[in-house]
Amino acid sequence: MALYYNSNNVQQSNNVYYNSNASNKVYHNNNLVWQKQFFIYNNGVIGNNGNIWVHWSAYPNNYEFNKNENGKLIARGGYGDTQLKIISGGYNVSGYSMLHVVGNYELNIANYGEDWFGLSSVANDYNPNICNQYMKIGDTAKSFHLQIPFSFNGTAYFNWRFLTFHKMYISQIYVV
């Protein structure tokens, strides 16, 4: 979706005002042409209804979780078969269709790691039933921008399941 004003593209992260009122959606001929991003997490700031629930299946050696370290959501796992499960929400995702997760990771103990990202319609459910994406970590550090499509109207909860042996930095989680 693109909105242009005086030949300039209006980014989905910007604001649109009509008669001095902020608008989250812009329609043309009854068709949605632009929609503002809804941030679940944005560079250290947790979105509306911004609760974050954290659960470790077991506490590994050398583990870490931080909601805001230099504008990033950070998880680091250590030794052991441990999963960190993170849930945030609920958020009304009606009218949105794509979950974005932006971040980077580094390996700190072994040459692998695993993460799952997604949305669930049930609070405290660590198995996303709206959408999910599995990400296996390779043996070099890298940045990523996941785009996970979904079709759902109602309240949703962001899910992140983290398996140890790497350090993950999340800078943005949003829907468009």
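Numbering starts at 1 and runs along the sequence shown. Here the structure is a predicted model, which means the values were calculated and not measured.
In this structure, S121 contributes its side chain and A156 its backbone to no donor-acceptor pair below 3.5 Å. A donor-acceptor pair is defined here as one N or O able to donate and one able to accept, closer than 3.5 Å; no such pair exists between the side chain of N29 and the backbone of N31.
Considering every non-hydrogen atom in both P128 and L119, the closest pair reads CB-O, 3.3 Å. S120 and N159 make their closest contact through CB-ND2, 3.3 Å (heavy atoms, listed as atom of the first residue, atom of the second, distance).
Judged as a side chain to side chain donor-acceptor pair (under 3.5 Å), and not counting sequence neighbours, T155 has no contacts. With sequence neighbours excluded, no residue forms a side chain to side chain donor-acceptor pair (under 3.5 Å) with Y17. Listed by chain and residue number, E106 satisfy the side chain to side chain donor-acceptor pair (under 3.5 Å) test with Y169 (two or more places apart in sequence, or in another chain). Taking the ring pair (Phe, Tyr, Trp, His ring centres under 6.0 Å) definition, one finds that F158 meets it with nothing, sequence neighbours left out. Legend: residues meeting side chain to side chain donor-acceptor pair (under 3.5 Å) with D115, ordered by chain and number and at least two apart, are W160, H166.
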Q: Given side chain to side chain contact (heavy atoms under 4.5 Å, CB included), test Y105 with K142 step by step and report yes or no.
A: CA-CA 6 Å; Y105 65 84; K142 72 174 200 174; 3.2 Å; yes

Q: Would you sort out whether Y157 and I40 count as a side chain to side chain contact (heavy atoms under 4.5 Å, CB included), showing the intermediate values?
A: CA-CA 10 Å; Y157 300 84; I40 295 170; over 6 Å; no

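F117 and F38 fall within the same hydrophobic cluster, where Ile, Leu, Val, Met, Phe, Trp and Tyr residues are linked whenever their side-chain heavy atoms come under 4.5 Å apart, directly or through other members.
The only member of L99, N42, V102 that meets side-chain contact (heavy atoms from CB on, under 4.5 Å) when paired with Y174 is V102.
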Can you give the donor-acceptor pairs under 3.5 Å from side chains of residues 145-152 to other protein atoms, not counting sequence neighbours?
| from | atom 1 | to | atom 2 | distance (Å) |
| --- | --- | --- | --- | --- |
| H145 | NE2 | H100 | ND1 | 2.7 |

